[in-house]
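Read the structure below first, then the notes.
Numbering of ligands and ligand atoms starts at 1, following listing order.
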Amino acid sequence: MNSQTVLVTGGAGYIGSHACVELLKAGYHVVVVDNLSNSKSESLLRVQHITGKSLTFYQVDIRDKQALTEIFDKESPTTVIHFAGLKAVGESCEQPQLYYHNNVFGTLVLTEVMSNANVKQLVFSSSATVYGESTFPQYTEDFPLGAINPYGRSKAMIEDILRDLYAADKISQTNSPWKIALLRYFNPIGAHESGMIGEDPNGIPNNLMPYVAQVAIGKLPQLSVFGDDYPTRDGTGIRDYIHVVDLVKGHLNAIQALNNHCFEAGGCKAYNLGAGKGYSVLEIIKTFEQVTGKLINYKISPRRTGDLAECFANPDLALKELNWKVEKDLHDMVTDTWNWQTKNPQGYI
Ligand code: NAD
Ligand code: UDP
């Protein structure tokens, strides 16, 4: 059993709540800090129901330095997993200040509090959106960065800040250096197999999977497939979808790596978390129809601005250094999404 305390920012959200389940199952003490700006505390009640274990929850904004300091004093975490952030690309283009303030300033406050408390192990939710456009669709971690919207740039800025923090330790030769894993997620979908926790988007979903699920259940009339003239096998966009439970297990492996010899002298390293292969929009629709027995009403629409034809991970580094790879397939992702959707047609209420 593990007696470490892990502080999870954004732990009430979609990915954070699934991470809490796996952390509790692995025996960690879990402390969640979330301002509930995009989630409900019901998710945390369900996490505790699934695991039969309890966690500690603070409804606090990570930009509130005093409150965060008090939490660190009281809870003495050894590691932080930092999920808290705003994530809607379109909204980030409309309100860039909100995104930079929440995501970048929030992370600055968090890392200041961590430094003061001498807690220097951090797993950060980054994103494949930090990568620039490429003619080669499979991304390795050394691929040039070049985010194209404020959300992606906020992630890239945070990565820079975290790399600078680690570099500063090297200059001052501190004996407790930063140990940081930057996890670049590809496209998380799916839900816990219990159907008790899952993705509960606000309003009309932007992402493909929740949109398809809401069409299937009759909440939305029709899916627009954004473009069927891409240079891909069926003309529709290809992405690397990853089951959210596989994704969060990558975080537990990252904590273990930070604790072991790989990071003995500190470090700040990026890892792709993806399956290493992609599915097209039409393949997703077909699998959804097979799993649910329902026809998905869709129409072909123009391409969405800023979308790439194809993008998937090279996950070799995560396998080599974090001993992690995906275990679930598209059928599992769709089955679990549908289970969550049918059990919770209105999301968390
Ligand atoms: P989510 O919105 O469901 O969860 C984020 C949580 O952070 C929410 O519970 C929200 O209330 C909380 N939060 C936001 N700002 C906060 C603040 N200032 N203080 C305290 N809490 C705050 O999103 P998610 O899908 O679970 O994503 C988690 C992280 O992973 C985010 O940082 C996101 O950018 C990143 N990410 C997500 C995806 C994806 O497709 N879901 C892909 C790549 C990266
Ligand atoms: N997509 C679509 N219709 C939608 C939402 C998304 O055709 O209503 C397509 C989109 O063009 C992309 C894929 O589905 O090819 C995944 O989109 P999503 O927004 O889920 O992820 P991202 O584009 O951010 O990787």
Side chain, backbone, both or neither: the part of [X] lying under 4.0 Å from ligand 2 by heavy atom:
X: L208; answer: both
X: V89; answer: neither
X: C311; answer: neither

Matching residue for H251 among F124, Y271, Y185 - test: ring-ring contact (aromatic ring centres under 6.0 Å, His included):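 Testing each of F124, Y271, Y185 against H251, the sole residue satisfying ring-ring contact (aromatic ring centres under 6.0 Å, His included) is Y185.
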
Shortest reach to [atom] by a heavy atom, considering only [options]:
atom: atom 42 (C) of ligand 1; options: P188, S125, A88; value: P188
atom: atom 33 (C) of ligand 1; options: Y241, F105, Y185, Y151; value: Y151
atom: atom 19 (N) of ligand 1; options: V32, D200, I62, V33; value: I62
atom: atom 2 (O) of ligand 1; options: L247, N38, L36; value: N38
atom: atom 29 (C) of ligand 1; options: Y58, F83, Y14, Y99; value: F83

Parallel, tilted or perpendicular, judged at 30° and 60°: which one describes the rings of F186 and Y139?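 F186 vs Y139 ring planes: tilted.
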
Is the H18 ring parallel, tilted or perpendicular to the H192 ring (thresholds 30°, 60°)?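 If you compare the ring of H18 with that of H192, the planes turn out tilted.
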
Shared hydrophobic cluster, V8 / L86 (ILVMFWY, side-chain heavy atoms < 4.5 Å):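 Not linked; separate clusters.
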
Considering only protein heavy atoms, which is closest to [atom], and at what distance to one decimal place?
atom: atom 16 (C) of ligand 2; answer: Y241 OH, 3.3 Å
atom: atom 10 (C) of ligand 2; answer: D307 OD2, 3.4 Å
atom: atom 18 (P) of ligand 2; answer: N207 ND2, 3.5 Å
atom: atom 23 (O) of ligand 2; answer: R304 NH2, 3.0 Å
atom: atom 7 (O) of ligand 2; answer: F226 N, 2.9 Å

My understanding is that only one of V104, N103, L98 makes a side-chain contact (heavy atoms from CB on, under 4.5 Å) with Y100; could you say which?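 It is V104; the other options fail the test.
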
Applying the side-chain contact (heavy atoms from CB on, under 4.5 Å) criterion to I300, which one of V225, D229, V281 satisfies it?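 Testing I300 for a side-chain contact (heavy atoms from CB on, under 4.5 Å) against V225, D229, V281 leaves exactly one candidate, V225.
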
Per-residue contact class, [X] against ligand 1 - non-hydrogen pairs under 4.0 Å:
X: N187; answer: neither
X: K155; answer: side chain
X: D61; answer: both

Does R63 make a cation-pi contact with F105 (under 6.0 Å, within 45 degrees of the axis)?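 Checked: cation-pi criterion not met.
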
Within the 4.0 Å heavy-atom shell around N187, which atoms of ligand 2 are there?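 Going through ligand 2 atom by atom, the ones under 4.0 Å from N187 are 21 (O), 22 (P), 25 (O).
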
